[in-house]
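Input: a single structure, listed below in structure tokens.
No hydrogens, no waters, no symmetry mates; every other heavy atom, side chains included, goes into these values. Protein chains get the first letters and strands the later ones, always in sequence-line order, with residue 1 at the start of each.
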Amino acid sequence: MQYNFNEIEKKWQAYWNENNSYKVENDFSKPKCYVLDMFPYPSGAGLHVGHPLGYIASDIYARYKRLKGFNVLHPMGFDAFGLPAEQYAIETGQHPATTTKVNIERYKEQLGKIGFCYDWSREVKTSDPNYYKWTQWIFLQLYNSWYNPKTNKVEKIETIFDAGNPMSDGRNAEPGNQASNIEHRLMEYRLAYKKESYVNWCEALGTVLANDEVVNGVSERGGHPVERKLMSQWFLRITAFAERLLVSLDNLDFPESLKEMQRNWIGKSVGAEIKFDVKCQLSDVSNTDKTDKQHPTYGINVFTTRPDTIFGVSFMVLAPEHELVNSITTAAQKQAIEEYQKFTSSRSERERLAETKTISGCFTGAYAIHPFTGKEIPIWISEYVLASYGTGAIMAVPCGDERDYAFAKHFNLEIPSIFKDIDISEKACSDKNVIIFNSDFISDLSVKEASKLAIEKIEEQKIGSRKVNYRMRDAGFSRQRYWGEPFPIVYGENGTAIALTDKDLPLELPFLETYSAGPNGKGPLANATDWVNSSQGTRETDTMPGYAGSSWYYLRYMDPHNSDTFCDKKISDYWNQVDVYVGGAEHAVGHLLYSRMWCKTLHDLGFISFDEPYKKLINQGMIGGSSRFVYRIKNTNQYVSNGLKNNYDVTEIHVDVNIVDGYELDLEAFKKIKNNEYSNAEFILENGKYICGEAFEKMSKSKYNVVNPDDIILQYGADTFRMYEMFLGPLEMSKPWDTKGIEGVHRFLKKLWRLFFDETTGCIVTNEAATAEELKTLHKHIKKIQQDIENFAFNTSVSQFMIITNELGSMSCHKREILEPVLITLVPFAPHIAEELWSVVGNKTSILDAQFPVLDESLLVENSFKYPVAIQGKARTEMEFALDLPQEEIEKAILENEIVQKWMEGKPMKKFIFKKGMMINVVI
RNA sequence: GCGCCUGUGGUGAAAUUGGUAGACACGUCAGACUUAGGAUCUGAUGCCGUGAGGUAUGGGGGUUCGAGUCCCUCCAGGCGCACCA
């Protein structure tokens, strides 16, 4: 009997389906394990070999835990809302709901062929109203909550009126337009709130664009100009959680690099906020409608991490959008300032951030007063200061900051020197190991001491205070798009937001025929006037972003069909945190931070009992594509082989990897591609072959380097595919896809098959008792597999399987006592062949329900060891000794050894290094 | 610029706490069985050297009886962040 993988895999996949083998019950009596994959976005391109890498890894772990007796939750679902589906809909006219459905079916079919142990009855789709009902519900919780810094917890918005809290002056404080006033103030605290913010606005397309849709300052579609436009948008107040997100990171079992990324993103810096008064010459102020009496005294708040450099300030810079710019600009400078503002507003934030060479800016004509010296400091605006970071204004210290230095040089501003013995004639000095001087009361102090003293003085004079600043900004939560969750919000007559109640949920996304933008920058939903003008009020026409649904999906898998709550608390108490979360590092700061924030919110409000969603995170590496090229000689139809291409002027053309064997191009297949476009091609060969060039790139359709798992599975089977993906290397490392080694893994499975079957006589498994040696081989194997799985070192477990198969083969061991346990250890990796062979040897129940073999360490005890013997650290021979032999006897035997004596060259021994079971070293 | 990670044969890679570097595969070479081989099996395979032996984990230095592993430094590649105040 031959190893007919296609038949076997089909048979067992059907069996597992029919028998609901992967159905998971909420059985509170069993120990649990929650193994989660980052669910995919169902794109039209289908799965390529890169996708399953993480899924196979988590599948192995989940199956292993099940064999170990755990109740394992290992679900799968789809992140189904999002921009690509909508863009595709605009291009093809197909409704996103339709394409999403088709794509999901295709994904499920492909996933099914790989033999994952998902419980599909728990499938979650973020675009399903039964799911997004609860996304909307959680949004309402965020909307109806605030972050109380005193308790360091999320609380219901009502408590904000309690004594000691920010709005304890109550609901009755403001006369007149009371309700909307209170609502206006509440918006300053809600965790989901609205504020004015800039978007990428494309006038020509009449739509708001995502950063990704803007390329070099113009729209990706059509190349139209894009400008920044203020629009009222929803935000999540994630900044309130900054410190908590930062601190609890320490206790999470995440890769260090990923934690570092999150820390950078949160961007904590400690310094001081200082207020500089603006010197106002009334006649110069452009804002002339103010009378003397009302004329305010302006102050500019700046944040600095270097309060010690306060005496080095020689000018100030505001972001062009800073709210004070218009008020302080003098009449003489007004026109120049406005022109500069116009220039910067035409540039996207990305562009402004990318600008490193040209220095630009404009003087406002106004001066600030230095709080300690009383000196007048010119106030400038420049795009290098961002409105969204810190206070949107800086005190410029050109001698200590490179950008300030360049700015001062460019505009010929003063560069005071405040660091002792530092030459600043060429460049600024940002080194913190300096002594401050020329700085009044902080002269002759170190940076640290000077900072401390400066802050004390600043606080004493009530012009500022110590301040912790975070780089992280609140998360934009509005999208002017169709294919997303509608907000459960309507607006009253005066424009105040009114939250819908739980019983209004889900607020279903109305069916639209077209998805073009609505009027005035609004999303497509604004076109559905019947829907917008509801009896409850005017509906919000923005939708939620892609990360809304993915911020809590791990909770829904626990209790996916509950229509009373997002997840029953008893059930979430049981399944609790995700024990292992496997996914790509591209979600390091987006998805992971948002879902951590949502988890903390739900926890604080008492809906779940844990405040971090994921206990352990594994980042699988990317599988890149290995592209192949042919080289066309310019202006000809001739193609030259890689080794000879330098002799010609050639154009490099991607060629489909699927018609290249290794590096050798299949010439006939090449002539047929693209409807015989290359049918007349002529080739310049080397050694009779056409050798292609290669490059490692992202796997993508346009690079013709996509390898589809379906083809591999057809050729080698799912079990080979699964094991080969794991055999490629460490899970977390990125690697190009290469089919070169797959034969080795396939050969191993065939060898394993032959331990059970002889080609002529059939099954050859015997009931003979195993020898001690065979048992030792088995238990060494069990130990290694167990260790490797727990460390997610699946590449080495695959080699262990090869090792034991080779060993049992050379021992001619066909004993059930050995082979059955080996099969069980194989289940996580190659479930189909394991199940088949398990039934072949006569088992009537599924191997999925078997117990993982219990390791017996006593079988592994060695009583002797072959010691490598080194003289002066160089291994010269090997000698075997009993492990309980005393050191003196070993030492004696070694010194008497001929080879040892030869290498000691008659010199006396200085030291004898001996550790049981390790190399012996004789030092002379 | 800052932070994190990686660097080992022709290739993918392996190597608990420092303890025989290159497991396991791919590829290549030689052989066996074959009408055949893209099946299967056996053997060889880091480099230099006929050999004894020498030498080798990106380069240089250090700690140690002993370093791929620890420390310093430099180089190369990858990822993230950034006119970040």
Taken to the nearest whole Å, CG/A:L386 to P/B:C81 is 15 Å
Syn within 90° of 0, anti beyond: B:G9 is syn
Taken in chain and number order and not counting sequence neighbours, the residues that satisfy salt bridge (Lys or Arg N to Asp or Glu O under 4.0 Å) with A:D474 are none
Q: Tell me whether the OP1 or OP2 atom of B:A82 has a side-chain N or O from A:R471 closer than 4.0 Å.
A: yes
Step by step, would you call A:F914 with A:Y867 a ring-ring contact (aromatic ring centres under 6.0 Å, His included)? CA-CA 10 Å; A:F914 177 80; A:Y867 285 90; 5.6 Å; yes
From the candidates B:A85, B:G53, B:C79, the one with an atom nearest any side-chain atom of A:M261 is B:C79
- Task: Start with the C-alpha distance between A:E807 and A:K776, add both sets of side-chain angles, then the distance that settles salt bridge (charged side-chain N to carboxylate O under 4.0 Å, His left out), and finish with yes or no.
- Result: CA-CA 11 Å; A:E807 282 179 7; A:K776 194 170 176 178; over 6 Å; no
Sorted by chain and residue number, the side-chain hydrogen bond (donor to acceptor under 3.5 Å, both in side chains) partners of A:Q341 (sequence neighbours excluded) come out as none
Show me the protein contacts with nucleotides 70-72 of chain B, counting only N or O atoms at under 3.5 Å.
none

Check: Do A:F5 and A:I833 come within less than 4.5 Å of each other through their side chains, counting heavy atoms only?
Finding: no
A:K735 atom NZ is separated from B:A14 atom P, nearest whole Å, by 9 Å
For residues 913-924 of chain A, the side chain to side chain donor-acceptor pair (under 3.5 Å) pairs (sequence neighbours left out) are none
Please measure how far the P atom in B:G68 lies from the corresponding atom in B:U17, and state the result in whole Å.
15 Å
Which of B:A13, B:A85, B:C4 is nearest the side chain of A:V385? It is B:A85
Here the distance between atom P of B:U40 and atom CG of A:L749, to the nearest Å, is 12 Å
In whole angstroms, the gap separating C1' of B:G1 from CG of A:D401 amounts to 12 Å
Expressed in whole Å, how much space separates the C1' atoms belonging to B:A21 and B:C72?
-> 24 Å
In whole Å, what separates the C1' atom of B:C26 from that of B:C71?
37 Å
The salt bridge (Lys or Arg N to Asp or Glu O under 4.0 Å) partners of A:E668 (sequence neighbours excluded) come to none
Open item on the list: Need one value for A:L728: base, sugar-phosphate or nothing, where a base atom within 4.0 Å counts as base even if backbone is also close, heavy atoms only.
Closed with: sugar-phosphate
**Request:** Please step through salt bridge (charged side-chain N to carboxylate O under 4.0 Å, His left out) for the pair A:E725 and A:K735, ending with a clear verdict.
**Result:** CA-CA 11 Å; A:E725 286 234 351; A:K735 51 228 154 193; over 6 Å; no
I'd like to know if A:E743 pairs up with A:K750 as an ion pair, taking the criterion as any Lys NZ or Arg NE/NH1/NH2 lying under 4.0 Å from an Asp or Glu carboxylate oxygen.
no
Sequence neighbours excluded, the answer for side-chain contact (heavy atoms from CB on, under 4.5 Å) partners of A:Q872 is A:V923, A:I924
Exercise. Within the structure shown, what part of the strands sits under 4.0 Å from A:P730 by heavy-atom distance: base, sugar-phosphate, or nothing?
Worked result: sugar-phosphate
What contact category does A:K750 fall into here, base, sugar-phosphate, or nothing, at under 4.0 angstrom with non-hydrogen atoms?
sugar-phosphate
Secondary structure of RNA chain B per the Watson-Crick/G-U criterion (both distances under 3.5 Å; [ ] crossing, | other strand, . unpaired) is (((((((..(((......[....)))((((((.......))))))(((....)))..(((((..]....))))))))))))....
C1'-based separation of B:A56 from B:G7 [nearest Å]
15 Å
In whole angstroms, the gap separating C1' of B:C65 from CZ of A:R876 amounts to 15 Å
The nucleotide from B:G3, B:G80, B:G54 with an atom nearest the side chain of A:W903 is B:G54
For nucleotides B:C79 and B:A30, find the distance between their P atoms and express it as a whole number of Å. 42 Å
Check your understanding: Does OP1 or OP2 of B:G80 have a side-chain N or O of A:R263 closer than 4.0 Å?
Key -> no
Is any side-chain nitrogen or oxygen of A:K915 closer than 4.0 Å to OP1 or OP2 of B:G18?
no
B:C81 base / A:N264 side chain donor-acceptor hit below 3.5 Å:
no
By ring pair (Phe, Tyr, Trp, His ring centres under 6.0 Å), A:W737 pairs with (sequence neighbours left out) A:Y724
Residues at least two apart in sequence or cross-chain that pass salt bridge (Lys or Arg N to Asp or Glu O under 4.0 Å) with A:E243, listed by chain then number, are A:K268
Measuring only the P atom in each nucleotide, how far is B:A23 from B:G10? A whole number of Å is fine. 14 Å
Sequence neighbours excluded, the answer for side-chain hydrogen bond (donor to acceptor under 3.5 Å, both in side chains) partners of A:E880 is A:S864
Closest to the 5' end of RNA chain B, once A:T304 and A:G729 are matched to their nearest nucleotides, is A:G729
When rounded to whole Å, the CG to P distance for the pair A:D788 and B:A14 reads 11 Å
From CG of A:L249 across to P of B:G80 the rounded distance in Å is 18 Å
Rounded to whole Å, the CG-P distance (A:N301 to B:A85) equals 17 Å
Contact string for nucleotides 20-31 of chain B, one letter per nucleotide 5' to 3', B = base within protein heavy-atom range under 4.0 Å, S = sugar-phosphate only, - = neither, reads B--BBSSS----
| Inter-nucleotide P distance (B:G12, B:G60), Å rounded | 23 Å
With sequence neighbours left out, the residues meeting salt bridge (Lys or Arg N to Asp or Glu O under 4.0 Å) with A:E414 are A:K375
Fill in: Distance between C1' atoms of B:G58 and B:A76 (Å, rounded)
7 Å
